[in-house]
> 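To start, I am sharing the structure in question, which I have written as structure tokens.
All values below were derived from every heavy atom in this structure, side-chain atoms included, with hydrogens, water molecules and symmetry-related copies excluded.
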Amino acid sequence: MSLSFEEFLLVLRIASIAVLYLFILQVVLVARRDLAVATVQSATQAARSVIGHLVVVDSGSAPLAPGTTLDIVSPTTLGRAPINTIVLESNLVSMEHARIYFRSNSLWVEDLGSKNGTFLNDQQLAPQKAVAVRPRDILRLGDVRFRIVP
Amino acid sequence: MQQTMRNAFDLRRYRWSELFLLIMPSLFILLGMLQLQLIAQNSTGKGPTAININNLPAIDVLAPQLLLIVALLATHVALSWLVPNADRTLLPIAGMLSSMGVLMATRLGPDLPSPEPRLGFKQLIWVLIGFGFCIATVFATRSIRWLRLYKYTWAVGGIILVAITLIHARNVNFDSPTHDQLNLGPAGLAFQPSELLKICLVIFYAAYLAENREILALEGRKVGPFYIPPLKHMGPLIGMLLVALVLFVGLRELGLALLIFGIFVSMIYLASGRLAYVFYSLGGFAVGAFIAYNLFSYVRDRVAIVSTAFQPDVADNKGYQIVQGLIALGSGGVLGQGFGLGHPTFVPAVQTDYVAAAIGEEFGLAGLFAILGIFMLLVYRSFRIAVRARDTFEQLLAGGIGSVFAIQTLVILAGNLKLMPLTGIPLPFITYGGSSVIANFIMIGLLLRLSTPAEGDQVA
């Protein structure tokens, strides 16, 4: 099969533009699949935007009564600074101490480089390394201890 | 580290969709180079008059541009290893746009009034360095908190860089398009600090607003129907904004001043959700624009050109560039003249300020719309990453980067279409120029990092 020079250039021109649109189509398809996954996730989240609770086991020097139940939303930050979701007014808790968030069907807790450390079941967490938590785990920030319940 | 190694070679979790998306950019490069090669052969009289499968140019003449495909694949592998869960569409989008940039530079270089046959190769090298910066950014921000902790360092550092340029620029000609570059060393290695300042300011705003968003959103008094923002807490924000604006107006870079202002407005709105800030900013913009208009003749010139470009004495003179740009766009029609077949080099500075007109002439309205669509996808992905980010700082950073891409595209395209005064601001990834390409790839690197779960994410 043989094409004249001009015809071939026309084919190339249309092909170049078609490639641009095919690319857009591909990206939209990939993005849509992400969106579908996200919708399933957010639907399960929307059913209860509160994704868990913290029960105070030992309030240390923070003004909290043991047995108090606090809600966990995603993300929840814990610390002494007033901008945190859960404010813990204890001298052993850092301004930005730890955070809890929801990812891939699990709750994750991450120490934010606190001075006195975050402990999960008495194991100290390395700073900035998120670790998945399970119900009934014990979370300790400074001198405050929580039990994680669904 | 072992964990990441395992992730990279776990085929179920491999970034297949990214590899799949890289097919089209590669195909686009090959098609473009084939077209250029055929036209070059034909204009020397050696080309075939009829084409069949046997007399197509050999693949080795396209060699330099093939490097771009190789680099895209290499970056893809590096990302699979470093951030296996990061967003899959960002690299292909950046790759597609920079292929367009490299092809355009290759095509425009030899035809410029002062020919630069190696323009395309230079742009290619910049893009390769950009990929390197992208990977380095992803690697350096494994813990993104240090960006936030040194927020004032970024802002002050960026401003000092630009201030040095301003002092340097006082003894150069303001009419030259490169007066805002800082020349480093004898090799003529020029770079534009303003591109870096852009990133520094986004990081600074994101960090400052993340700490103070409650105050900006909730505090402040109401006097009658008017909301009075807590000005005390906005001091650093407004201070940085004013310094940057003064620098850019001093450098006669109105586009960058507009961009910095746009970042300020979008980020303060993203953080506080209060329209009052937008209205006050627009008021401040009107006052600033009025002062600049009366103070500087070059501002008056730019505005006057928009309304009078087609008057005979202006069209041959100050309005020449705008008029030629519109003619180039018009002669492209819907499907364009064909890559390499138009005459975009009639437009002065087409490789930097008017690359959109060159695309419009050779790929037509259809091609220009496609490029706009790809920019929209880029902005969409940035805001999507912002929505899913883990904390306020990351949210604002991703949203701010998305705004940068959006505002830059809007300002330069509106300028090229004579909808607003033309300002020399790069079209992200496509405009010829090293610092701009590198800065854009650093922002892509940040977005990739922001779209990944924290480094230590593993099921305990």
> Output all residues satisfying side chain to side chain donor-acceptor pair (under 3.5 Å) with B:Q337, sequence neighbours left out; order by chain, then residue number.
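Not a single residue meets the side chain to side chain donor-acceptor pair (under 3.5 Å) criterion with B:Q337.
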> Mark yes when over 12 heavy atoms from residues, nucleotides or ligands other than B:F369 sit less than 6.0 Å from its CZ; otherwise mark no.
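It does not: B:F369 CZ has 12 such atoms or fewer within range.
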> Out of curiosity, B:E211 CD to A:E96 CD, how far, rounded to the nearest 0.5 Å?
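CD of A:E96 is found 7.0 Å from CD of B:E211.
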> Which bit of B:Y380 is near chain A, if near means a heavy-atom gap under 4.5 Å: side chain, backbone, both or neither?
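Just the side chain, heavy atoms under 4.5 Å.
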> State whether the side chain of A:R13 and the backbone N or O of B:G336 hold a donor-acceptor pair below 3.5 Å, judged by distance alone.
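Flag set: sc A:R13 to bb B:G336 pair under 3.5 Å.
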> Would you check, one step at a time, whether the test side-chain contact (heavy atoms from CB on, under 4.5 Å) holds for B:S17 with A:Q26?
CA-CA 9 Å; B:S17 43; A:Q26 276 186 335; over 6 Å; no
> Counting heavy-atom pairs closer than 4.5 Å to chain A, which one of B:D391, B:I371, B:D87, B:L27 comes out on top?
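Between B:D391, B:I371, B:D87, B:L27, the count favours B:D391.
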> Take atom CG in A:D58; do more than 12 heavy atoms of anything else shown fall under 6.0 Å from it?
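More than 12 within 6.0 Å, yes.
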> Are the side chain of A:Y21 and the backbone N or O of B:A366 linked by a donor-acceptor pair below 3.5 Å?
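Side chain of A:Y21 to backbone of B:A366: a pair is present.
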> Is the shortest heavy-atom distance from the side chain of B:L38 to the side chain of A:L12 under 4.5 Å?
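B:L38 reaches A:L12 side chain to side chain.
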> Give a yes or no on whether B:H343 atom NE2 has more than 12 heavy-atom contacts from other residues, nucleotides or ligands under 6.0 Å away.
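Not more than 12 within 6.0 Å, no.
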> Quick check on the structure: residues of residues 93-104 of chain B within a heavy-atom distance below 4.5 Å of chain A, by number.
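So far as heavy atoms go, B:I93, B:M96 are the residues that approach chain A to under 4.5 Å.
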> Once you round to the nearest 0.5 Å, how far does CG of A:L20 lie from CZ of B:F363?
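Reported value, rounded in 0.5 Å steps: 7.0 Å.
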> Sort out for me which of A:I24, A:V30, A:I14, A:L22 touches chain B most, counting heavy-atom pairs under 4.5 Å.
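Maximum pair count with chain B is reached by A:I24.
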> Side chain, backbone, both or neither: which part of A:S16 has an atom under 4.5 Å from a heavy atom of chain B?
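When you check distances to chain B, atoms from both the backbone and side chain of A:S16 fall under 4.5 Å.
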> Looking at chain B, which one of A:I17, A:T77, A:L29 has the largest number of heavy-atom pairs inside 4.5 Å, strictly under?
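Sorted descending by pairs with chain B, the first entry is A:I17.
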> Nearest 0.5 Å, what's the CG-CZ distance between B:L377 and A:F23?
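So the gap between those two atoms works out to 7.5 Å.
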